[in-house]
Amino acid sequence: MIPERHLNIAVLMLFFAVPAWALIMDEPFTITLATRAAILALAATGLNIALGLGGLVSLGHAIFFGIGGYAMGVLAFHAQTYTPMQLGGFEIAGTKSMPVIWLVALVASGIAAVLVGLLSLRTSGVYFIMITLAFGQMFYYFAISWRAYGGEDGLSIYVRNDFPGLNTLDPIQFFGLCATLLCLALLVFWRLARSPFGLALGAARQVPQRVETVGLDPVRLKLVAFVLSGMMTGLAGALFADLNRFVSPTMFSWQFSGELIVLVILGGVGRLMGPLIGAGLFVTLEHVLGDITDFWHVILGAILLVIVLFARGGVVGLFCGKARPDA
Amino acid sequence: MSTILVIEQVINGLQFGVMLFLMAAGLTLIFGVMGLINLAHGSLYMIGAFAAAWVAGLTGSFLLALVAAMAAAALAGALVEMVVIRRLYAADHLDQVLATFALILIFSEGTRWVFGSFPLYLDIPEALSGTVTLPGGIAYPLYRLVLIGIGLTVGLALWALIERTRIGMQIRAGRDDREMIAALGVDISRLYTGIFALGALLAGLAGALVGAIQSVQVGMGEPVLILAFVVIVIGGIGSIKGAFIGALLVGLTDTLGGIFLPEIFKLFTDASTATQAGSALASMAIYILMSLVLIWRPTGLFGRAA
Amino acid sequence: MKKWMLGAALCAISSMAAADVKVGMITTLSGGGAGLGIDVRDGFLLALEQAGRDDIEMVIEDDERAPDAAVRIADRMIQSERVDIMTGIIWSNLAMAVVPGAVAQGVFYLSPNAGPSQLAGQGCHENYFNVAWQNDNLHEAAGAWANETGYSNSFILAPNYPAGQDALTGYKRMYEGDLAGEIYTDLGQTDYAAEIAQIRASGADSVFFFLPGGMGISFLKQYADSGVELPVIGPAFSFDQGILQAVGDAALGVVNTSQWSKDIENETNAAFVESFEAEYGRLPSLYASQGFDTANLLISALDVADPSEDPDAFREALRAANFDSTRGDFAFGPNHHPVQDIYAREVIQEDDVFTNRIIGTALEDHADAYAAECQM
């Protein structure tokens, strides 16, 4: 067993070393892979707030990922075609500016998370899993039939959006942007887990009655966590859309919600670096196994099974043992 | 829109609901007794359909194909229970979701490995093809009537099994109090394997029956799986009666929504927009129904309070 | 990564410069739609093998029918493998995700299947060539054939997604009669009892449907068993060689429209059908013919110019389309989409195998409706 702090530092160093090596070796695709891992890790860190800290097994986090994606897609689409958006009599111009898009993505996914959270948190356990799944399906089918923005075909954005002072088309610069946001999100998660709010949330997860006796409303605590979680995943969606320069309803699919859970569990539920480790492993597996065989999903499935059955606590649990109750 | 058309659509909705019930019954039974969420239930449906298509191709007999479907699915179910699922009963829902998600990956690609990427052929038997005329002059496919009959029979048999037999008593006891049945000296692991195989058998039967009027292909299980989850959540997880009512509700909502929502929209807007918007809303209808039910009753129609 | 080093043995003997052109193929090799991708790939590889080309290195990847996987692979092919030419995508939504970015980075893209309207109209590009059809074409042909047959009250249905909406629009563009009904079904829907009841009650004289893959199989089987006996017409996608065997008797006699059929009479086609069957042990589908044609177009242009050294000359050579197509005459319109005959075929049974036979020409030298919007 090694202290979790040491593992965390090692993971972060590896995370930055790989693209640095790729830059020197002129392997731009490896940088793209690292960027992909960073964005997935950001989405999974969002889920980790709900899942790890709040104990909310959401099988609908693709909702927020998709909303973030479509925030980028819709705004950039209007900027790209020079057509303003019609919004109840108002005309709003599209934009190619990342900060504006991120803000819209955060707000839009936050609002969605409030609505979905308010309704879903009336239930618990399996019912919660299933109702979030149902909301996800609603958004998925809506996106498919939303012809104005491509329906199932999705939207192609020809050029990546702009960030002041950077050339975002350069893989390493875009990686830097995503990595910075990921680090900020990790910081938020770390502070949150140790804050009075995080402690109360942890208590609400384990013994809801005790929280109520000190005058806190466990549902409200969980709702706040769910909204924060959704917003972070929404931001990741906007970045993911920019990485691919493309959005489509598959971002809303329940399989993606499932994959996000896989990422978190692979790394370690509730652990600071769990999502990053999970995302890094997932991207690597996908890349390496995909080369070996067309049937690589069978191997991925087998690996997941082994982890669930024999390595509870994911990679972090494997190296560092059980989490302290407050982390 | 004539009354006859409406009646015919209601029968269609019932038929769809009854098939969903076959899927949902196994899921809800497994959850009720063992407390397990099985995402891989759709894979057992697929295994049933593939086994049926394969045997029907070899022997030409639909009856043998059905038997093969049930046997293959039950066998696969029992095997999976003994190798994997057994270790998950004590785990939390999160681990169960993940492990059974992994099983989907393995089953789907494994099936494609064995049977290839093209859809398989399975047709309804000669004796059951064609239509019969119902009172009121509705020409309705005989096979679909048979499906309704089989579904209702299975429902009745399940009810009898659970309410009237010794095994049923153990199942009910297991649902109420897991420690108690161990104390009664029941071999729990045998009971659990049996229940899991029974659920799998029903899924395999549904896969074969439905496969004959649809296409037998990899990935056919997942859409049905999600619908079956909607069904058991609406009905209340663990309740067979709830699964039955929920299945009919979902079947009717889905079928009638697809017909009537575009018509309703046509009252407000032009035909083409109405068709598109109505169809869009119809595809979301059952999920809206499910959220409404859960907001009204957080543990479903017949579920017990958590 | 799977690399097919074709003609590696030949290469050793002739000691020519090997693998100086790199072709990236992204196609669907796993999951529900894998049959189509496998056919395109096999048709393509057959053409390369017959030409004995040792200077073409293939990089083939499975997109799992997922747009983001396709984009990821495209990024890798362009950034890491540094391919000159890309091809292979089956589905329009994947093509829309990959093609605009790829051609903007200077890669040539030859489409062996998908032909979304955006890429034919305003989004056309000088480096994008479609060797199959524009998405609307086969539906337009179905509408034209309905006129010719004398249908005047059609019931039309398709899934509620862009390709489905385009299908109904395409049919209505040519069809001159009335509509008895127009329905959008769910994408992936498997039970059509409700729709068939509506068809029965509608008083239509014919049914046009576009339901690709498993949806079409389900619909046809249920329709055949419903006792509704109205004639059915549809595009070839629900009647290709891979799917027909799963539909069985239910498809017999159904008219479908296609730009290719195995009984088109020309030498190239006869040789293609024979050699494909010999090589892979199954009859080719229209997807296989499209893959085969795409490869031959590519080879014809490579004989003229090297895409990395002189892209302009290479592009001109592609535009000339100077190759023997399985469809007989083949020419590109101004937007790099085919101008071609589209046939009406009928499903028949030969021995134990279900297949198609041409019964007439639905449209001659047909171009697409979007060419005027294209400015290159």
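Lettering of chains follows the sequences in order, A, B, ..., and the numbering in each one begins at 1. Computed from a predicted model, the values in this text were never measured in an experiment.
With a 4.5 angstrom heavy-atom cutoff, A:Ile144 does not touch chain B via any of its atoms. In this structure, no portion of B:Val230 lies under 4.5 Å from any heavy atom of chain A. B:Ile37 touches chain A through its side chain: at least one heavy atom from C-beta onward sits under 4.5 Å away, while N, CA, C and O do not. Contacts between A:Ile307 and chain B at a heavy-atom distance below 4.5 Å are absent for every atom of the residue. Heavy atoms closer than 4.5 Å to chain A are found in the side chain of B:Ile226, but not in its backbone. Proximity to chain B (any heavy atom under 4.5 Å) is restricted, for A:Phe135, to the side chain, taken from C-beta onward. Both the backbone and the side chain of A:Ile131 come within contact range of chain B, with heavy atoms under 4.5 Å apart. For B:Ile288, the parts lying near chain A are the backbone and the side chain together; criterion is any non-hydrogen pair under 4.5 Å. Within the 4.5 angstrom heavy-atom criterion, no atom of A:Trp146 approaches chain B. If you measure heavy-atom distances from B:Gln96 to chain A, you find no contacts under 4.5 Å at all.
Remark: the backbone N or O of B:Thr299 is paired with a side-chain donor or acceptor of A:Tyr127 at under 3.5 angstrom.
Looking at heavy atoms from C-beta onward, A:Thr123 lies out of side-chain contact with B:Val233 at the 4.5 angstrom threshold.
Note: A:Tyr141 and B:Tyr287 have parallel aromatic rings, judged against thresholds of 30 and 60 degrees for the angle between ring planes.
Taking CG of A:Leu304 as the reference point, atom OG1 of B:Thr100 lies at 11.0 Å (rounded to 0.5 Å). Here the straight-line distance linking atom CG of A:Leu309 with atom CZ of B:Arg86 works out to 13.0 Å at 0.5 Å rounding. Distance check, rounded to the nearest 0.5 Å: CG of A:Leu133 to CE of B:Met290 gives 6.5 Å. Distance check: A:Arg122 CZ to B:Leu294 CG gives 9.5 Å after rounding to the nearest 0.5 Å. One distance of note links CG of B:Leu292 with CG of A:Leu119; it measures 9.0 Å at 0.5 Å rounding. The CD1 atom of A:Ile265 sits 6.0 Å away from atom CG of B:Asp95, with the distance rounded to the nearest 0.5 Å.
Other residues, nucleotides and ligands place no more than 12 heavy atoms under 6.0 Å from the CH2 atom of B:Trp54. At most 12 non-hydrogen atoms from other residues, nucleotides or ligands lie less than 6.0 angstrom from CZ of A:Phe319.
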Between B:Val84 and A:Val308, is a side-chain contact (heavy atoms from CB on, under 4.5 Å) present by the stated rule, with each step listed?
CA-CA 10 Å; B:Val84 178; A:Val308 180; over 6 Å; no
Using side-chain contact (heavy atoms from CB on, under 4.5 Å), reason through B:Ser291 and A:Met138 one step at a time and then give a plain yes or no.
CA-CA 10 Å; B:Ser291 1; A:Met138 264 188 246; 3.0 Å; yes
